[in-house]
Amino acid sequence: MAQSNKPFRRILLTGAAGGLGRVLRERIGAWADVVRLSDLGGLGEARPGEEIVYCDLSDRQAMLKLLEGVDAVLHFGGVSTEVAWDPILQANIVGVKNLYEAAQKAGVKRIVFASSNHAIGFHPTTTHLDADSPTRPDGLYGVSKVFGEQLSRYYWDRFGLETVCIRIGFSFPEPKTYRNMVTFLHYDDLVELLRCSLFTPRVGHTIAYGMSDNSTSWWDNSKASHLGYQPRRSSREFAHLFPDNADYPAEDDLARLYQGGPFITTGPIYD
Ligand code: NAI
Ligand code: 15L
């Protein structure tokens, strides 16, 4: 391969066919000579500067191969909501363990792990959280994100493999509920937070909240300030969609009382 000035030789993006993966595929090409895209399927043709490797996160041997030659990982693959236990177990528990085992063996320097606000969803909406607040998952999906955060902590302590865990709020084209207005992460800010997470010289094991510059927030990113992340977008851009907060649940609805919103009563879903 010819010499290039791009910062990384090869970045792996898992979950590349998912909602956020498709956004990132369009926007991270400048960061690496090669972006290796992975998912279960649905990635179409590789474009210049891309490689496509289909792989189930729960397949240990396939994961050991997937990580070969990779310098850094954006881990966006896996189950992204509260579903039955077995898919959560396979993708988010076994899969994350396979990822870290393979990454450490391949000499990967850094992983950005797409965690979720559901790792802390059983905190009341009256509580302000930072990186040191205790986790309070709001379902088995949230428990699986706590597992990923803790596994990555172990790989930092044991092997010096760095991770930034991003507790993403709500990253879609626009907020759909008033709760989303509080937790909104604009795609532009997601990409900026990933750029900061990959290019800050030392991150160790960092917990950051994935949110834009929204008017109301439950989260404080001061303990991730070394990342230098400055959100430039805000859910204020969508305030006209919620003139009287009409969609927000009634005062005594549990979904209003806890940060995880409706997730708190969804699980557990037994197989
Ligand atoms: P998504 O569900 O659209 O994408 C996830 C992708 O992972 C899918 O393409 C799916 O095929 C793949 N996947 C699932 N199981 C797999 C397996 N066993 N092996 C390989 N690939 C598998 O989710 P989205 O919205 O793109 O989210 C990406 C990540 O960010 C997820 O980890 C999610 O938990 C996290 N996140 C996203 C939020 C958002 O607002 N979009 C909020 C909080 C967290
Ligand atoms: C998540 O963790 C999900 O991945 C995303 O689809 C949304 O449901 C988001 O949380 C949320 O809290 O709304």
Side-chain angles (χ1 to χ4, degrees), residues 12-26 36-44 52-60 62-63 66 73-84 86-99 102 111-123 125 137-149 152 164-187 189-191 193-194 197 208-212 218-219 235 247 255 258-264 266-267:
L12 168 65
L13 172 64
T14 65
L20 297 184
R22 288 196 304 274
V23 171
L24 297 176
R25 183 179 184 175
E26 302 303 322
R36 181 174 289 173
L37 304 166
S38 187
D39 208 301
L40 295 170
L43 289 166
I52 291 175
V53 182
Y54 290 120
C55 179
D56 191 319
L57 293 162
S58 66
D59 182 338
R60 178 170 174 265
M63 289 294 286
L66 180 68
V73 181
L74 300 175
H75 183 52
F76 281 72
V79 168
S80 63
T81 189
E82 190 71 32
V83 295
D86 197 57
I88 294 176
L89 172 67
Q90 295 308 324
N92 294 12
I93 305 280
V94 176
V96 173
K97 175 263 169 194
N98 286 343
L99 175 77
I111 296 177
V112 182
F113 171 61
S115 185
S116 169
N117 69 89
H118 297 291
I120 44 85
F122 248 119
H123 280 283
T125 51
D138 57 26
L140 298 179
Y141 165 65
V143 169
S144 76
K145 291 298 186 182
V146 173
F147 174 82
E149 293 188 1
S152 59
V164 178
C165 297
I166 302 180
R167 291 178 181 161
I168 301 171
F170 183 81
S171 197
F172 286 87
E174 59 181 35
K176 295 188 175 68
T177 68
Y178 183 72
R179 174 175 168 270
N180 299 162
M181 291 288 283
V182 179
T183 62
F184 186 62
L185 174 64
H186 194 286
Y187 291 153
D189 288 335
L190 169 67
V191 173
L193 183 49
L194 294 181
S197 299
Y209 289 89
M211 57 181 170
S212 288
W218 300 316
W219 309 323
S235 61
D247 76 296
Y258 294 97
Q259 299 188 7
F263 277 62
I264 62 155
T266 308

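Counting convention: from 1, in listed order, for ligands and their atoms alike. Bear in mind that the values here come from a model prediction, so they are computed numbers and not experimental data.
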Subject >> Any D56 side-chain heavy atom under 4.5 Å of L40 side chain >> reply: yes
Original post:
Does ligand 2 have a heavy atom under 4.0 Å from the side chain of N117, from its backbone, from both, or from neither?
Top reply: side chain
Original post:
Atoms of ligand 1 less than 4.0 Å from A91 heavy atoms?
Top reply: 15 (N), 18 (N)
Original post:
For ligand 2, is there an atom lying under 4.0 Å from some heavy atom of R179?
Top reply: yes
Original post:
Numbering the atoms of ligand 1 from 1, which are under 4.0 Å from a heavy atom of F172?
Top reply: 39 (C), 40 (O), 41 (N)
Subject >> Contact with ligand 1 for A17, non-hydrogen, under 4.0 angstrom >> reply: yes
Subject >> Least distance between heavy atoms, Y141 atom then V79 atom >> reply: CE1-O, 3.2 Å
**OP:** Could you tell me whether G19 and ligand 1 have an N or O pair separated by under 3.5 Å?
**Re:** yes
**OP:** Answer yes or no: does an N/O atom from D56 fall short of 3.5 Å to an N/O atom of ligand 1?
**Re:** yes
Subject >> Atom pair CD1 (I111) and OG (S152), whose distance is rounded to the nearest 0.5 Å >> reply: 8.0 Å
Original post:
Hey, is the main chain of V53 close enough, under 3.5 Å, to the side chain of R36 for a donor-acceptor pair?
Top reply: no
Original post:
What atoms of ligand 2 come closer than 4.0 angstrom to any heavy atom of Y141?
Top reply: 1 (C), 2 (O), 3 (C), 4 (O)
Original post:
Which of the atoms in ligand 2, numbered in the order shown and given with their element, are less than 4.0 Å from a heavy-atom of S116?
Top reply: 1 (C), 2 (O)
Subject >> Sub-3.5 Å N/O-N/O distance, G18 and ligand 1 >> reply: yes
Original post:
Side chain, backbone, both or neither: which part of C55 comes within less than 4.0 Å of ligand 1 when only heavy atoms are counted?
Top reply: backbone
Subject >> Heavy-atom pair of closest approach, residues L13 and G21 >> reply: CD2-O, 3.8 Å
Original post:
Closest heavy-atom contact between Q90 and S58?
Top reply: O-CB, 3.4 Å
Original post:
CG/N180 to CD/E174 distance, rounded to the nearest 0.5 angstrom?
Top reply: 10.0 Å
Original post:
Where on S115 is there a heavy atom closer than 4.0 Å to ligand 1, on the side chain, on the backbone, on both, or on neither?
Top reply: backbone
Original post:
Distance from F147 atom CZ to K97 atom NZ, nearest 0.5 Å?
Top reply: 9.0 Å
Subject >> Where ligand 2 meets F172 - atom numbers and elements under 4.0 angstrom, heavy-atom basis >> reply: 5 (C), 6 (O)
Original post:
For atom 31 (C) of ligand 1, which protein heavy atom lies nearest, and how many Å away is it?
Top reply: F76 O, 3.7 Å
Original post:
According to the interplanar angle, ranging from 0 to 90°, do the rings of F170 and F184 count as parallel (below 30°), tilted (30 to 60°) or perpendicular (above 60°)?
Top reply: tilted
Original post:
CD of Q259 to OG1 of T125: how many Å apart, nearest 0.5 Å?
Top reply: 7.0 Å
Original post:
Based purely on interatomic distance, does S80 place a nitrogen or oxygen under 3.5 Å from a nitrogen or oxygen of ligand 1?
Top reply: yes
Original post:
Can you check whether N117 has an N/O within less than 3.5 Å of an N/O in ligand 1?
Top reply: no
**OP:** Do me a favour and list the nearest non-hydrogen protein atom to atom 16 (C) of ligand 1 with residue, atom name and distance?
**Re:** L40 CD1, 3.8 Å
Subject >> From G169, S171, G78 - option closest to atom 42 (C) of ligand 1 by heavy atom >> reply: G169
Original post:
What's the shortest heavy-atom distance between V73 and L99, and which atoms?
Top reply: CG1-CD1, 4.2 Å
**OP:** Just need the protein heavy atom nearest to atom 8 (C) of ligand 1, so name the residue and atom and give the distance.
**Re:** D39 OD2, 3.5 Å
Original post:
Any idea which atoms of ligand 2 are less than 4.0 Å away from a heavy-atom of G169?
Top reply: 9 (C), 10 (O), 11 (C), 12 (O)
Original post:
Where is the nearest protein heavy atom to atom 19 (N) of ligand 1: which residue, which atom, and how far?
Top reply: L57 N, 2.9 Å
Subject >> Sub-4.0 Å heavy-atom approach of P87 to ligand 1 >> reply: no
Subject >> Top protein contact for atom 30 (O) of ligand 1, by heavy-atom distance >> reply: A114 CB, 3.4 Å
**OP:** Could you tell me the separation between the SG atom of C55 and the CG atom of L37, rounded to the nearest 0.5 Å?
**Re:** 13.0 Å
Subject >> Backbone N/O of F76 and side chain of T14: donor-acceptor pair under 3.5 Å >> reply: yes
Subject >> Beyond-backbone contact of Y209 with T183, side-chain heavy atoms, under 4.5 angstrom >> reply: no
**OP:** To the nearest 0.5 Å, tell me how far I120 CD1 sits from D138 CG.
**Re:** 8.0 Å
Original post:
What residue and atom, counting heavy atoms only, is the protein's closest point to atom 38 (C) of ligand 1, and at what distance?
Top reply: I168 CG2, 3.8 Å
**OP:** May I ask you to decide if S144's main-chain N or O and N92's side chain share a donor-acceptor pair within less than 3.5 Å?
**Re:** no
Original post:
Relative to ligand 1, is R167 under 4.0 angstrom through side chain, backbone, both or neither, heavy atoms considered?
Top reply: neither
**OP:** Begin with the C-alpha distance, continue with both residues' side-chain angles, and end with the deciding distance and a verdict on side chain to side chain contact (heavy atoms under 4.5 Å, CB included) for R167 and E149.
**Re:** CA-CA 10 Å; R167 291 178 181 161; E149 293 188 1; 2.8 Å; yes
Original post:
Can you list the ligand 1 atoms lying under 4.0 Å from a non-hydrogen atom of Y141?
Top reply: 33 (C), 34 (O), 44 (C)
**OP:** From the options K176, R167, H118, select the one whose nearest heavy atom is closest to atom 1 (C) of ligand 2.
**Re:** H118
**OP:** Using a strict 4.0 Å cut-off to heavy atoms of F170, name the atoms of ligand 1 that fall inside it.
**Re:** 40 (O)
Original post:
Looking at side-chain heavy atoms only, is the closest gap between H118 and T266 below 4.5 Å?
Top reply: no
Original post:
For ligand 2, which atoms sit closer than 4.0 Å to a heavy atom of F263?
Top reply: 8 (O)
**OP:** Run the contact test for G19 against ligand 2 with a 4.0 Å cut-off on heavy atoms, strictly below, and give the result.
**Re:** no
**OP:** Examine the proximity of ligand 2 to S80 and report which part, side chain or backbone, both or neither, has a heavy atom under 4.0 Å away.
**Re:** both
**OP:** Tell me which protein heavy atom sits closest to atom 25 (O) of ligand 1, plus the residue, atom name and distance to 0.1 Å.
**Re:** L20 CG, 4.0 Å
**OP:** Could you list which atoms of ligand 1 come closer than 4.0 Å to a heavy atom of G77?
**Re:** 7 (O)
Subject >> Min N/O separation G15 to ligand 1 under 3.5 Å >> reply: no
**OP:** Kindly give the heavy-atom pair with the smallest separation between S38 and L12, and that separation in Å.
**Re:** CB-CD1, 4.0 Å
**OP:** Give the residue and atom name of whichever protein heavy atom lies nearest to atom 32 (O) of ligand 1, and the separation in Å to one decimal.
**Re:** K145 NZ, 2.9 Å
**OP:** Write down the atom of P173, the atom of Y187, and the distance for their closest heavy-atom approach.
**Re:** CD-OH, 3.2 Å
